[in-house]
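Down below is the structure, laid out as structure tokens.
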Amino acid sequence: MTPPAPHSPDGAAGLPVAPGLVPLLADAGVLAPRVDRRVVRLSALAMLVAAGASLAARWMLTLIDLCTNISWYGRFSTAHSSPADNELGAWGLLVPVAGGVLVGIMARYGSKAIRGHGIPEAMEQILKNESRIPARVLFLKPLSAAVSIGTGGPFGAEGPIISTGGALGSLVGQFTKITAMERKTLLAAGACAGMTAIFGTPVAAVLLAVELLLFELRPRSLIPVAAAAVTAMGFHAAFAGTAPIFPMPTPEPAAPVALLAYAAVGALVGLAAVGVTRLVYAIEDAFERLPVHWMWWPALGAIVVGAVGLLDRRTLGVGYENISGVLSGGIIGWSLAALMILKFISWSVSLGSGTSGGTLAPLLTIGGALGALLGAGLRLLFPDLPIDPRVAALVGMAAMFAGASRALLTSVVFAFEATRQPLGLVPILGGSAAAYLVSCLTMRHTIMTEKIERRGVRVPSEYAADHLDGVLVRDAASAAVVALAADLTVAEARG
């Protein structure tokens, strides 16, 4: 009898493994991850999911415009419009409240999972439920978010569409004969496609999937997600063109002393990100103590949204134009400070009430405004300091997201892809790294993980090589391995 090879990639100590068990054992970490025809098949599925998520993103943006036109202007139209241009006056206070009531009804009688900004809920399904998201979330999440944002909710569309794309990927995975780990990859591919379809930032979307959803960096998951991002970028270019979503003037190369200043701006914004995260969850805790059913909380939070909207209509709706204005230097001084403070009040109370909407756009607005103010303040204090407030705004935008979510690489690459300003890349990296450091030193959980950590879900925060993965059985076993042929009888084995 010829003994098997001491080691092979198919099994421990070279023992053969049935082909059907290979993906299951690889999922469990018993075998090294393999790139084979299953990865090709999964990539094809991921591209189909990306196409569906891209169309869902376009449908959701159209639905937001429809809700905006109906609720603020009384017209049935899908033309792009903003609540900030309304002329309703004091009557505008009632529009967000009506939207909050509708969202509460959908959450209570449809699915409670539509509450919140989407990414924590997707993370929880990955970590606790084998990436299984109910089918009704696929329809109710974008619908509820469109109602919330269309009636003035101060959110971005990216969180809900990330959740919707993830739900689509999960649903495809549930109706296909694949493993739980492969279903997780499809969920991440759908989420990644949703983000790309909105912002046109495919590399940042892949990194978001790695840092917040996949919790791994392996070829068998990275290749399908990358394929989904490229597919979604094709749809984004077809629907919205190839221009950056947040254009800004080309900055001057940063001098060495300016890099230190931008890092200081990032550290201060990171400290603010910690405060923002804690205040958001403090507000959520306050709503939990209210003696009314949670269905009515979005309507109560919408009262604040409407009241703040009366003070500054720029706080209503998505507000991507505000981010462009901050980065281009079109919003400065007291107007900039008012936008930052009022946007935070409106967004934090509304999010804490449990309504449906994204966090990325509000964080970018608040962080960009704070960075611009800090940059202008440093230039006022030190006239010879070669710091550009517009670059400081770009640094603040990335640093706020890096500090609040601890998705460092996502934040850096997103700020670059969204503006296409390569000269801002090094200041962004320095500022985001400083914010990341401050966040790690001062905050245990992030804005993405606090909610599910409270429910006992442990979220991986670090990726490290598995030491045991490099140790072979033949090197660690204390006795020689005895291999028996499958057709050997008991008597022959005893002999």
Side-chain angles (χ1 to χ4, degrees), residues 51-89 91-100 102-103 106 139-162 164-165 194-201 232-247 302 305-306 309-310 312-328 330-331 339 343 346 350 355-358 360-362 364-365 418:
S54 300
L55 294 175
R58 184 53 43 185
W59 172 72
M60 181 177 166
L61 293 176
T62 301
L63 197 57
I64 290 174
D65 287 330
L66 178 63
C67 291
T68 300
N69 280 297
I70 291 175
S71 57
W72 293 99
Y73 303 103
R75 60 193 181 212
F76 192 87
S77 171
T78 58
H80 178 66
S81 60
S82 170
D85 299 324
N86 82 86
E87 300 294 339
L88 292 180
W91 288 105
L93 179 65
L94 301 179
V95 177
V97 176
L102 290 175
V103 171
M106 282 188 277
F139 304 99
L140 289 176
K141 186 63 179 181
L143 180 60
S144 62
V147 171
S148 175
I149 297 170
T151 54
F155 303 107
E158 66 288 332
I161 195 57
I162 286 173
T164 302
M195 179 175 175
T196 303
I198 294 292
F199 287 122
T201 54
M233 187 60 198
F235 278 88
H236 174 83
F239 287 125
T242 57
I245 189 170
F246 301 134
V305 173
L310 293 179
D312 191 340
R313 289 178 296 180
R314 295 177 299 172
T315 62
L316 297 170
V318 174
Y320 291 151
E321 65 277 3
N322 294 329
I323 300 173
S324 297
V326 171
L327 293 176
S328 65
I331 306 176
L339 173 63
K343 185 73 173 183
S346 178
S350 188
T355 193
S356 180
L360 185 53
L364 298 180
T365 303

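Because only heavy atoms are used, hydrogens play no part in the values below, and waters and symmetry mates are left out as well, while side chains stay in.
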Do [X] and [Y] have side chains that approach each other closer than 4.5 Å (heavy atoms only, starting at C-beta)?
{"X": "Leu339", "Y": "Thr365", "value": "yes"}
{"X": "Leu327", "Y": "Ile323", "value": "yes"}
{"X": "Ile64", "Y": "Trp59", "value": "no"}
{"X": "Glu321", "Y": "Ser82", "value": "yes"}

Output yes when a side-chain donor or acceptor of [X] lies under 3.5 Å from a complementary backbone atom of [Y], and no otherwise.
{"X": "Ser328", "Y": "Ser324", "value": "yes"}
{"X": "Glu158", "Y": "Leu360", "value": "yes"}
{"X": "Ser144", "Y": "Lys141", "value": "yes"}
{"X": "Tyr320", "Y": "Ile245", "value": "no"}

If you compare all heavy atoms of [X] against all heavy atoms of [Y], which two are closest, and at what distance to 0.1 Å?
{"X": "Gly89", "Y": "Leu310", "result": "O-CD2, 3.1 Å"}
{"X": "Gly99", "Y": "Thr151", "result": "CA-OG1, 3.5 Å"}
{"X": "Ile198", "Y": "His236", "result": "O-CE1, 3.7 Å"}
{"X": "Pro362", "Y": "Gly156", "result": "CD-N, 3.9 Å"}
{"X": "Ser77", "Y": "Ala79", "result": "OG-N, 3.1 Å"}
{"X": "Phe76", "Y": "Ile70", "result": "CD1-CD1, 3.9 Å"}

Residues forming a side-chain contact (heavy atoms from CB on, under 4.5 Å) with [X], sequence neighbours excluded:
{"X": "Leu94", "answer": "Trp91"}
{"X": "Pro96", "answer": "Trp72, Ala302, Val305"}
{"X": "Leu102", "answer": "Val147"}

Separation between [atom1] of [X] and [atom2] of [Y], rounded to the nearest 0.5 Å:
{"X": "Leu63", "Y": "Ile149", "atom1": "CG", "atom2": "CD1", "result": "10.0 Å"}
{"X": "Phe199", "Y": "Leu364", "atom1": "CZ", "atom2": "CG", "result": "6.0 Å"}
{"X": "His80", "Y": "Thr68", "atom1": "NE2", "atom2": "OG1", "result": "8.5 Å"}
{"X": "Met106", "Y": "Leu143", "atom1": "CE", "atom2": "CG", "result": "4.5 Å"}

By salt bridge (Lys or Arg N to Asp or Glu O under 4.0 Å) - contacts of Arg58 (at least two apart):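 If we apply the salt bridge (Lys or Arg N to Asp or Glu O under 4.0 Å) test to Arg58, skipping adjacent residues, there are no hits.
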
Salt bridge (Lys or Arg N to Asp or Glu O under 4.0 Å) partners of Asp312, counting only residues at least two apart: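 Asp312 satisfies salt bridge (Lys or Arg N to Asp or Glu O under 4.0 Å) with Arg314 only.
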
Phe139, CZ: over 12 other non-hydrogen atoms inside 6.0 angstrom: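 Counting neighbours around CZ of Phe139, 12 or fewer heavy atoms of other residues, nucleotides or ligands fall under 6.0 Å, so no.
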
Worked verdict on Met195 versus Thr201 for side-chain contact (heavy atoms from CB on, under 4.5 Å): CA-CA 7 Å; Met195 179 175 175; Thr201 54; 4.0 Å; yes

Of all pairs that satisfy salt bridge (charged side-chain N to carboxylate O under 4.0 Å, His left out), the ones with a partner from residues 61-88, not counting sequence neighbours: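 For residues 61-88: Glu87-Arg313.
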
Stepwise side-chain hydrogen bond (donor to acceptor under 3.5 Å, both in side chains) test for Asn69 and Ser81: CA-CA 7 Å; Asn69 280 297; Ser81 60; 3.2 Å; yes

Derivation and outcome, side-chain contact (heavy atoms from CB on, under 4.5 Å), residues Val318 and Phe155: CA-CA 5 Å; Val318 174; Phe155 303 107; over 6 Å; no

